[in-house]
Amino acid sequence: MHTQRSIGRALHTLNEKIAAHEQIAQMTIALRDTLLPLLLSGTVVAPGDE
């Protein structure tokens, strides 16, 4: 039983990490979708390209 609980905790931790990384990926996509049109139109200039 101790081993099963230990495995369960490890799997729960992995699930939490997966959820966090999925959230990061979704936010990155949203940021890209917001910034790309601004960069392509010249409204916003990338750092170093001023």
Side-chain angles (χ1 to χ4, degrees):
M1 189 53 92
H2 173 71
T3 302
Q4 288 177 342
R5 285 191 182 112
S6 183
I7 292 169
R9 282 192 299 272
L11 291 174
H12 178 73
T13 300
L14 287 173
N15 281 337
E16 288 178 339
K17 287 185 177 192
I18 290 168
H21 284 278
E22 286 175 345
Q23 221 175 357
I24 290 168
Q26 290 301 316
M27 292 305 296
T28 302
I29 290 167
L31 184 59
R32 178 206 60 204
D33 292 345
T34 299
L35 290 178
L36 186 60
L38 297 173
L39 288 167
L40 292 176
S41 70
T43 304
V44 173
V45 179
D49 289 343
E50 294 106 17

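Positions are given from 1, in the same order as the sequence printed here. These figures come from a predicted structure and were not determined experimentally.
Taking CZ of Arg5 as the start and CE of Met1 as the end, the distance is 5.0 Å to the nearest 0.5 Å. To the nearest 0.5 Å, the span separating CG on Leu11 from CD1 on Ile18 amounts to 9.0 Å. Here the CG atom belonging to Leu14 is positioned 13.5 Å from the CZ atom belonging to Arg9, to the nearest 0.5 angstrom.
Each side-chain hydrogen bond (donor to acceptor under 3.5 Å, both in side chains) pair with one or both residues in residues 22-46, not counting sequence neighbours, appears once here: Ser41-Thr43.
Across every non-hydrogen atom of Val45 and Leu39, the tightest pair is C-CD2, 4.2 Å.
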